[in-house]
Structure formats: structure tokens, C-alpha cells
Participant: 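Encoded as C-alpha cells, here's the structure I'll be asking about.
Chain naming here is simple, since letters A, B, ... match the order of the sequence lines and numbering starts at 1 in each.
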Amino acid sequence: MTAATRRRILQIAPAMAIIGFFMVAPLGLMAYVSLLQKGVNGGVVWDVHTTEAYVNFIFERDFDDSLIVNTDYLQIFARSFGLSLLTAVLALAIGFPTALYMAMQPEGRRNLLIFLVTIPFWTNLLVRNYAWILLLRNGGLVEGLLRWLGLSDQPLGLMYTPYAVSIGLTYSYLPFMVLPIYASLEKLDSRLIEAAFDLGADRRRALTRVILPLAVPGIAAGCILVFVPALGAYVTPELLGGGKSMMIGNLIQGQFAAARNWPFGAALAFALLAIVLLAMMIYLMRFRRAPAAP
Amino acid sequence: MERPAIEARGLSKTFGSGLDAVHALDDVSLTIRQNEFFTLLGPSGCGKTTLLRLIGGFEQPSGGDIFLEGQQLTGLPPFKRPINTVFQSYALFPHLTVGQNVAFGLEMLGRPKKEREARVEQMLALVKLQGYANRRPTQLSGGQQQRVALARALASQPKVLLLDEPLSALDLKLRKEMQIELKRLQTETGITFVFVTHDQEEALTMSDRLAVMESGQILQIGAPTEIYEHPQRRFVADFIGETNFLEGRIEVAGDTAVAHLACGGKLSLNGQAGAPSSNGEAVTLAVRPERAVIAPAGAEGLSARIGAVVYMGTDTTYHLTLTDGTAFIVRSQNNEGARLDLASGAEVKVQIAPAAVQRLAD
Ligand SMILES: Nc1ncnc2c1ncn2[C@@H]1O[C@H](COP(=O)(O)OP(=O)(O)OP(=O)(O)O)[C@@H](O)[C@H]1O
Ligand SMILES: [Mg+2]
């Protein structure tokens, strides 16, 4: 080994150590756990290897040990998927106009707006979700407002539904949608918009034909940044969703705690990871090349 | 009478307010004729871009009105004006192909696909970019992007084309080529061009008429020869070409006027330069270097001493000093035949014909 290669190895060693310690080791441990047999009182039996946890994800063992398809867990995954998608769509619907508005403000005002967008991060997620309970519960502030406006005199009935979860998730992850879209809109050359106007495009068509296509990388990044953490969300579905709107995060937590089935919890976590990696790969293949190439 | 393509009346534009206010345009009036190659010429920051953006509708005037073929434009958004712009940075849409860029304006006007395709072909041929329709703007050189920008702006057949220093990003050789190209496009399409530049040579060679601007005002409008040979203001004379300035006082005797110069000599004025004036009035006179002649010391004329002689091939430039210390430049062509043998330090006379003298308003 030459001195140069030795020095290079020493230089990257700290980074490798950190990645190894914080990423590879825990993931490897989880992968190993997912392939073990569960212990009777939680934990695992370290020397019995089995793929039972992955089988349990889709099948159930009948009394005679034959496998029957069990869609309970798949349904929870599907629901998580659907709710996360809805969350991303809602966040996009709210986030894009917000980012566009921010990008069109004068320089000084923009920084203030970015600051305002990030303010919710200053308080604990738990506290913010409790605040949403106060807003959404029957007899809560939203219901009171609707009543006062004369729009409805029924109980709101929104708490502990998937809708409440989606509202909570949209709120929680909105900044992750706004900021990347803002970043792509802010560096958009304003002369391109002027050129569109100049060539006869009205506001709507300048938006659809020039601004939107050029903001696609930001929109895609925002969607990933909202969709992925929403998929694994735990606090919001726990507080706003109740038992009926369980998501993957709650399922995994349940396996490690109440059900004392660590291998199954670990297997679920890996299934989630696989979905996330798939989403990231699609994103990279689609948008990594030149910005906004079709 | 034909209606002017563009008419501006008392246009002004102020950015900001209070102490920070910038008066980018100050009471500008001008008329641009149909099918004219009209140039706005002036130093950086004089308001050329601002005037163009007011015509294009990208900015609203603080005062005054703009008319297109007699029709009031004020308040009309850019997309409702039959005026297109070639931006200095080209501003081609990076997510569209060259063909889609050129077709953009036609698409916005709702023209059918067949017509758009035919027109794209035609426009790309006009700017000599046949076969480039499927490329991306980023795959083109600066000069090619420039041509695409032109094709895109011309495709929807605007009444007026605005060009804001379209050639300034090109190197010298390409710039010369594009100057000829632009002129050809303007003649072939018959569209009125309003062209912005701060390059006086470009302005003189390309324009039918030009307006010289300084700090938000138009100083003079005229054909290139008019502007060059009869500048009315010191700034115009100085900004375009080289000029000698002579200060003096007017003495009127009958119908002739004579200027007694600060350097001691006299110049007789005629025509415009002698125009109504009173005795003792102070004047500034402008004389182009090539319009003055050097004569031997014994001849008539203003006394001068030669400072430097610069041989430049086709002509020679003499840097002289008049008796009061004023610098004076004479340029003479290096024709065959007798040449004065002049060296630095020699005493000579400068002869200036009355027709070569231009009286300035300031
Ligand atoms: N949006 C704006 N806000 C404030 N001031 C401006 C704005 N646009 C232009 N100005 C000012 O108005 C004046 C004229 O600007 P303009 O861009 O019209 O000059 P120009 O003649 O095009 O110069 P250049 O040759 O450098 O392009 C300048 O003093 C400029 O600083
Ligand atoms: Mg300019």
C-alpha cells in the first residue's frame, strides 16, 4: 500500500465509521432480527433462523399448519399508501401556490416567509398534533366555527377517521413540500415568464406551459419528502386516527411493544424500506437528468 | 398620412419613491414609423431598456402614453400587445425544443397545428437553422440561440419587434454577421424593429433612424447621417464619433455671423451654425476631425502646434494644440500626391470650412 492510498483511506475513515455505526450496523441488526424466531416474552431466540416473519406478512397459519392468505397487514400497508398519497396531493395543492406566492415576493419579504414556514418545527410534533385534536374533535374549534357561520349544526365527526390523519399529516409535512418547490421557483429566470407573456400567454398558460414544467424537479422532490415520512408516520395516526386508521408506523410499534413480536416488526420495517427505496429509484430515474427533460 | 408604428407622448418612469427615486425616463416623446429600423442609443443606465419595457408592457409608465398604430397601449398587458421581444439573454424555454420554442407564440394565438408546423419550418429557414427543430436550446451555440430567439419572436408576425442589445453577448465576428442578418430580416419581414444598443457604430450602420438618449431623456432623433453630421448637443457630438469642441462668442455683421474663438481665431458661420443669434452670445462649435484641414503656417486659419502624429494606414491623425491650449484633432486621408511633411512641434494652421462647423445648443 502506497503512502497516498493509506492517507486516502485514513481521510475517509471517519465518514465510513459514522455511516457504518449509524446506518449499516442498525440496519444489519434489524435485518438479522427479522430472520430470527420471536422469543416467548419478547425479544428473539438468537440461534433459531426462520423466514416466518416474512411469511406472516401475507399468510396466516391454520390449525393444521397450512397457509391461508391474510390481507390484514396488506390492508394497513395499502391504507398507509393511500393516506400518504392523499397527503402528498393535499400538500402539493396547498404548497405550490404558497411557494409561488413566496417566490414572487421582494427579496426581503421572502426570507421572512421562509422563516414563517419553518416556525412549526420549533414546537414538538406531539404538541402540534394535540392542537389538531382541539381543532377537529366534536365540539372543537372547527365545529364551532362552522356552527357560527351557519354552515352546519351537526357534530363534526372528523376525529379518529383517515381524513383527520390526512389533515394532520398534510399540516406536519407541508414545509417539506413548500421549501423545495420554492427553491426551484426562486431560481427560475423571471425573463422566461416575461417571454411567455410577451408571446401571448396569459397568466394561466404562463403557469401551465412555463412555470409548472420548470418547477417539476422541485415538485417531485417535495412529493418524495412528504410521501416518504408520511408513510412511516407514527404520532399523527396514533393521536388523530385512533384504532381504525392504523398506519404502518403504528403497526410496527405495536409488534415491538404490545405483540412482542420483534422479528415481525423488523420484517414490516424492511417492507416499508423496500417501498421507500422503490419510490426513490423512480424519482432518480425520472428526474435526475437535465432539469425538466420530458 | 400613414399612422406611426409607435408613438410615445411625454413618457416618464420613476422607480422607487422619496429619496431613493430613480427617474429612469423623463418626459420622452418619440415617433417610430412603420417598417422602420429604429435604434435607441445611449450609455449604460440612460433608460433604453426601461423605454423598451414600457413599449412591451412589462412596466407601466409613471406618466404619458404609448400608442401602437394610433391605438392607446397604456394598461394593456404584454400578452395582449402585438409586440414581441428578443431578450438580451435570449430567454429561450429550456424545457421545449427549438421547434416548440418557435411555435410557442402561434400556439398561444390558437393557430392550428398544420399552420404552426409550416411556419416553424419557414422561420427556421429564415434564420438559417433548418433541421434544428428537434434540438434543445442548451445544445446550441450563442449565435444559434440568438437566431432561435429571433425566429420565435418573428413567428407570430408582430407589428413591432423589440430587441434589447441582442448582439452584446456575441463575439465581434459573429456580431458583424448578425448585424447584417438582422438588417436582412427586417427588410424581408417588413416588421418595425426597435433596437437597443450602446454601440454607436452598430447604431450608425444598421438604423434607418436613431434616438440618442442620456439620463432618461432623448437628446436627438434623426437619420445616422443627420446625427453624425449635425449633432445638436454636446453629448451627441461627443458620444458618436470623435469631435473637436471650440468655445467662442458670436459677432453678427449684416447677414453673416462670425465666431470669435477663445483661442483667438475667427470662424465664419453659415447656414444652421449661423442661425439667429445676437451679438456677444456664447457658442460651442463642433468640428469633426476629418472635416478640418492642416495648412502651412503662412496660410489662413487657426494657429496650432502639432503634438503627435499617428499614422493609421488609410489615414493619419494629428493631435494639435490651439493657442489657448485647447486640444484639436485633425484626421486626413493618406491619398497619393503631395503630403505636408509634418512633425511633432511644427507650427501649422487649421482650416475649417463654414459647412464643417456645427453649432451646439449647449
Ligand atoms: N426595476 C428597477 N428598479 C429600480 N431602478 C431601476 C429599475 N430598472 C431600471 N432602473 C434604473 O433606471 C435607470 C435606467 O435603467 P435602464 O435599464 O433602462 O438603462 P439602460 O439604458 O438599459 O442601461 P444598460 O445599457 O446598462 O442596459 C438606471 O439608473 C437603473 O438603475
Ligand atoms: Mg439595458
Participant: Would a 4.5 Å heavy-atom cut-off, applied to side chains only, mark Ile219(A) and Phe96(A) as touching?
Facilitator: yes
Participant: Contact part of Leu106(B) toward chain A, heavy-atom cut-off under 4.5 Å: side chain, backbone, both or neither?
Facilitator: neither
Participant: Compute the centroid of each ring, for Phe121(A) and then for Phe176(A), and state whether the two points are separated by less than 6.0 Å.
Facilitator: yes
Participant: Could you check which of Ala155(B), Pro158(B), Ser89(B) has the highest count of heavy-atom pairs closer than 4.5 Å to chain A?
Facilitator: Ser89(B)
Participant: Does any heavy atom of chain B fall under 4.5 Å from the side chain of Ala196(A), the backbone, both, or neither of them?
Facilitator: both
Participant: Using non-hydrogen atoms and a 4.5 Å limit, figure out which bit of Phe58(B) sits close to chain A: side chain, backbone, both or neither.
Facilitator: side chain
Participant: Using only atom types and a distance under 3.5 Å, with no angle test, would you say the side chain of Glu165(B) pairs donor to acceptor with the backbone of Gln88(B)?
Facilitator: no
Participant: Does any non-hydrogen side-chain atom of Pro120(A) lie less than 4.5 Å from one of Tyr171(A)?
Facilitator: yes
Participant: Chain A heavy atoms under 4.5 Å from Leu92(B): which part of the residue, side chain, backbone, both or neither?
Facilitator: backbone
Participant: Which of the residues Ser156(B), Gly56(B), Ala91(B), Ala153(B) is involved in the greatest number of heavy-atom pairs with chain A at under 4.5 angstrom?
Facilitator: Ala91(B)
Participant: Is a side-chain donor or acceptor of Thr97(B) paired with a backbone partner of Asn134(B) at a separation under 3.5 angstrom?
Facilitator: no
Participant: Check each atom of Arg205(A) against the heavy atoms of chain B and say whether the ones under 4.5 Å are side chain, backbone, both or neither.
Facilitator: side chain
Participant: Are any of the side-chain heavy atoms of Asp171(B) and Arg175(B) separated by less than 4.5 Å?
Facilitator: no
